[in-house]
Amino acid sequence: MRIVLCDDDERILGQLKGWLWEYFRENGLSQPDYVSYADGDSLLAAEDRPDAGRADMAFLDVEMPGTSGIHVGARLQSRNPYIKIFIVTCYADYLDEAMKFHVFRYLSKPLDRGRLFRNVKDALYQIGIDTRPVLIETKKETVTRYADEIVMVEAMGRRVTVQTVDRLYESVQRMGEWEKLLDIGCFARPHRSFIVNMKYVSSFSDTLISLSAPDGGQYSAYLARRRYKGFRDAYMLYVETMR
């Protein structure tokens, strides 16, 4: 694992790195590689190199010399869509702009050790879900995709399809198998014929769920009336954990 830190305040950089080191030590986890930068331009110059490696988390100040943390975060996310971006600032005015590119958390200065630990725990859990490999078996091939790339699974009679962010697969696995494969926090089964990734839910009524993929694809899934409350509660819990 690789963690990038960027702030023009050396005290904040030292505090962040020290607390992150404590978190990984106290939880018996291998220490990540920590890379620190004092400004956004230096970070981008180093991280854009082909041999730089992929960052898994980034803690970015907003106001610093050169490129702002908002734009740095967007660039890092274009390299690795699964990176967890933490915006660290005392200025709440940037919240709306930061949320446009799906910031994982917004941490206020002065930093709070307990809150940082809780958010790092959530980030590690989400990274594990996002990058969990899932095998999709078709009649012609077996394909490995990340769980995060699956928008929904649909059963139509004996035919089961898996809609990913960029392709539709016809799977030989039955719905029962898919329910076990996707028994992780971001998936729900709102109807016997559907399993949906709550990350892509854009809206839902008491009978229908609308999903939006990153490429603009729009999809629908049925929501059984008797499962409405369970789905609503699961979705609200998912949204709360993503805050």
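Numbers here are sequence positions counted from 1.
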### Task
Mark yes when over 12 heavy atoms from residues, nucleotides or ligands other than Y222 sit less than 6.0 Å from its OH; otherwise mark no.
no

### Under 3.5 Å donor-acceptor, Q126 side chain and A123 backbone
no

### Message
Taking side chain to side chain donor-acceptor pair (under 3.5 Å) as the criterion, tell me which of E141, E137, R145, Q163 meets it with Y169.
### Response
R145

### Message
So does R2 get a backbone contact from the side chain of D56, meaning a donor-acceptor N/O pair under 3.5 Å?
### Response
yes

### Task
Check the pair V196, L211 against side chain to side chain contact (heavy atoms under 4.5 Å, CB included), reporting the backbone distance first and the verdict last.
CA-CA 8 Å; V196 301; L211 302 102; 3.9 Å; yes

### Query
side chain to side chain contact (heavy atoms under 4.5 Å, CB included) between E179 and F187: does it pass, once the steps are laid out?
CA-CA 9 Å; E179 189 166 30; F187 286 90; over 6 Å; no

### Message
Is it the case that the side chain of N197 and the backbone of K199 share a donor-acceptor pair, with hydrogens and angles ignored and the cut-off at 3.5 Å?
### Response
yes

### Task
Verify the distance criterion only: is there a donor paired with an acceptor across the side chains of S212 and Q218 at less than 3.5 Å?
yes

### Query
Does the side chain of L116 come within less than 4.5 Å of L111's, by heavy atoms?
no

### Query
Does any non-hydrogen side-chain atom of D122 lie less than 4.5 Å from one of K84?
no

### Message
Tell me whether D7 is salt-bridged to K17, with the criterion being a basic N under 4.0 Å from an acidic carboxylate O.
### Response
no

### Main-chain N/O of S210 paired to S202 side chain as donor or acceptor, under 3.5 Å
yes

### Query
Should F104 and M57 count as side-chain neighbours, where that means a heavy-atom distance under 4.5 Å?
no

### Message
Whether E26 and R113 form a salt bridge (side-chain N of Lys/Arg under 4.0 Å from carboxylate O of Asp/Glu) is what I want to check.
### Response
yes

### F59 and F86 aromatic ring geometry - parallel, tilted or perpendicular at 30°/60° bounds
parallel

### Query
Does any N or O in the side chain of Q31 come within less than 3.5 Å of the main-chain N or O of W21, such that one atom is a donor and the other an acceptor?
yes

### Message
To the closest 0.5 Å, what do you measure between OG1 (T164) and CD (E149)?
### Response
7.0 Å

### Task
Mark yes or no for whether R189, through its side chain, and R192, through its backbone, hold a donor-acceptor pair below 3.5 Å.
yes

### Task
With the side chain counted from C-beta on, respond yes when F24 and P32 share a heavy-atom pair under 4.5 Å apart, and no when they do not.
yes

### Message
Can you confirm whether Y219 sits close enough to Y200 that some side-chain heavy atom of one is under 4.5 Å from a side-chain heavy atom of the other?
### Response
no

### Message
Can a donor-acceptor pair be found, under 3.5 Å and without considering hydrogens, that links the side chain of R167 to the backbone of V162?
### Response
no

### Query
Any donor-acceptor pair under 3.5 Å linking the side chain of Q173 with the backbone of L135?
yes

### Query
Taking atom NZ of K109 as the centre, does the number of heavy atoms from other residues, nucleotides or ligands within less than 6.0 Å exceed 12?
yes

### Message
With a 3.5 Å distance limit and no angle check, can you tell me whether N80 reaches the backbone of A55 through a side-chain donor-acceptor pair?
### Response
yes

### Query
Would you call D9 and D61 a side-chain contact if the rule is heavy atoms closer than 4.5 Å?
no

### Query
For the residue pair F194 and H191, does the interplanar ring angle fall in the parallel (under 30°), tilted (30 to 60°) or perpendicular (over 60°) class?
perpendicular

### Message
For a 4.5 angstrom cut-off between non-hydrogen side-chain atoms, does L43 reach R75?
### Response
no

### Query
What are the two closest non-hydrogen atoms of S171 and W178, and how far apart are they?
OG-NE1, 3.1 Å

